[in-house]
2 protein chains.
Amino acid sequence: MSSLIQIGELSERAGVSHRTIHYYERLGLVQPAEREGAGYRYYDDTALKRLEKIAALKRLGLNLDEIAAVLPLYFADATGIKGKEKVVEILKVQLAKAETQLHELTAFKRDLEGNIARMEELIAQAQRG
Amino acid sequence: MSSLIQIGELSERAGVSHRTIHYYERLGLVQPAEREGAGYRYYDDTALKRLEKIAALKRLGLNLDEIAAVLPLYFADATGIKGKEKVVEILKVQLAKAETQLHELTAFKRDLEGNIARMEELIAQAQRG
DNA sequence: CCTAAACCTGACGTTGGGTGTAGATTTAGA
DNA sequence: TCTAAATCTACACCCAACGTCAGGTTTAGG
């Protein structure tokens with residue numbers, strides 16, 4: 001069996017606090033594989049993967065509600081998913097957002113590069129002159 | 001002279017509340033062109049452009065502090081900018097972030113497309129069978 | 001068996017990014 | 001000139017996403 005870890009180790013590996021993990025649990029984003037006797041949480045390796053995915057989606061600007069909506073797709077087996085049309089709808093909204101963001105981000109990157117070049121030119125001029 | 005507008009019109013054109021404009025003013029993100037007598041704010045068209053730029057940068061995931069740091073670049077004339085090395089530093093940090101985000105976003109988009117295709121295939125199967 | 005380290009829950013605090021509201025003032029138009 | 005609409009300031013409040021603190025329980029190692 002793949003070994004179970006406690007919240008402390010999970011927290012450390014995932015780079016988030018244990019309180020954050022508790023919080024995510026309340027939102028339904030991660031669940032311990034088991035909680036025996038006194039209530040200690042024991043996690044398997046999918047928990048770590050979920051936390052990493054959550055972090056990645058957060059970096060893309062999704063909030064925790066949106067993440068809750070798309071996260072199952074990465075972990076549920078497709079055959080068991082209910083309401084597939086609804087899921088597709090959500091995905092398409094996210095896709096449209098992603099495409100817009102891609103364009104804006106590309107433009108922003110160009111801006112930044114232009115500004116950097118301009119600044120460096122000015123600095124060089126100042127140093128020469 | 002290009003006509004000045006009041007906060008109500010600016011608010012409407014920019015698609016943000018006047019309270020938000022007040023808030024941004026406190027953070028130094030926008031300033032009225034003038035405030036005569038009793039304190040009414042009158043804005044020129046650069047204010048609208050600033051608000052639009054702020055919105056665009058927000059969509060890219062910058063927070064208001066980061067926006068405050070890069071916003072001057074879009075409006076100040078380059079010859080007047082102090083501390084150019086510092087500015088370049090900030091820009092390079094933003095550029096690195098933008099590049100990372102571009103990669104992640106591209107991957108996310110691929111994921112979404114894959115998931116959508118998979119879902120639609122499942123739906124089609126269900127309808128056939 | 002005992003104790004330190006890890007964990008638990010629940011309540012309250014904090015930060016960022018705003019929104020709501022009240023009461024007073026000002027302005028524009030009939 | 002008068003009034004309705006717009007604006008002003010200041011303080012309070014909201015939500016998301018956590019963090020802190022307190023007090024109690026559990027577990028692992030010597």
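So you know, we letter chains A, B, ... as the sequences are listed, proteins then strands, and number each from 1.
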Donor-acceptor under 3.5 Å ([X] side chain, [Y] main chain):
X        : Y        : result
B:Arg41  : B:Glu34  : no
A:Glu99  : A:Ala96  : no
B:Thr106 : B:Leu102 : yes
A:Arg13  : A:Leu48  : no

field: Lys/Arg N to Asp/Glu carboxylate O, A:Glu120 vs B:Lys92, below 4.0 Å
entry: yes

[X] [atom1] - [N] [atom2] separation (whole Å):
X       : N      : atom1 : atom2 : result
A:Glu25 : C:dG10 : CD    : P     : 12 Å
B:Tyr23 : C:dT15 : OH    : P     : 13 Å
B:Ile5  : C:dA28 : CD1   : P     : 15 Å
A:Arg35 : D:dT25 : CZ    : P     : 16 Å
A:Leu29 : D:dC18 : CG    : C1'   : 13 Å
A:Ile7  : D:dT27 : CD1   : P     : 15 Å

field: Heavy-atom neighbours of B:Glu121 CD exceed 12 at 6.0 Å
entry: yes

- prompt: Side-chain donor or acceptor of A:Arg19 under 3.5 Å from a matching atom on the base of D:dT20?
  reply: yes

message: Using a 4.0 Å cut-off on heavy atoms, which residues in residues 48-66 of chain B reach DNA chain D? List them by number, or say none.
response: none

In terms of side-chain heavy atoms of [X], which of [options] is nearest?
X       : options               : result
A:Ser17 : C:dC8, C:dT19, D:dG19 : D:dG19
B:Gln6  : D:dT7, D:dA16, C:dC7  : D:dT7
A:Thr20 : D:dC18, C:dC8, D:dC8  : D:dC18

- request: Would you kindly compare B:Tyr40 and A:Arg41 by the position of their nearest DNA chain C nucleotide and give the one closer to the 5′ end?
  value: A:Arg41

message: With nearest nucleotide decided by heavy atoms, which residue, A:Leu27 or A:Tyr42, maps closer to the 5′ end of DNA chain D?
response: A:Leu27

message: Can a side-chain donor-acceptor contact be found between B:Tyr74 and A:Asp111 if the only test is distance below 3.5 angstrom?
response: yes

task: Check every strand shown and say whether B:His22 touches a base, only sugar-phosphate, or nothing at a heavy-atom separation below 4.0 Å.
output: base

message: What's A:Arg26 touching, base or sugar-phosphate or nothing? Going by heavy atoms closer than 4.0 Å.
response: nothing

- prompt: Cationic tip of A:Arg35 within the cone over A:Tyr42's six-membered ring, i.e. under 6.0 Å and within 45° of the normal?
  reply: no

- prompt: By a strict heavy-atom criterion of less than 4.0 Å, which residues belonging to residues 8-16 of chain A are in contact with DNA chain C?
  reply: A:Gly8

task: List for me each residue that meets side chain to side chain donor-acceptor pair (under 3.5 Å) alongside B:Glu52, sequence neighbours excluded, and say none if there are none.
output: none

message: On the nucleotide D:dA17, are OP1 or OP2 found under 4.0 Å from the side-chain N or O atoms that A:Tyr24 carries?
response: no

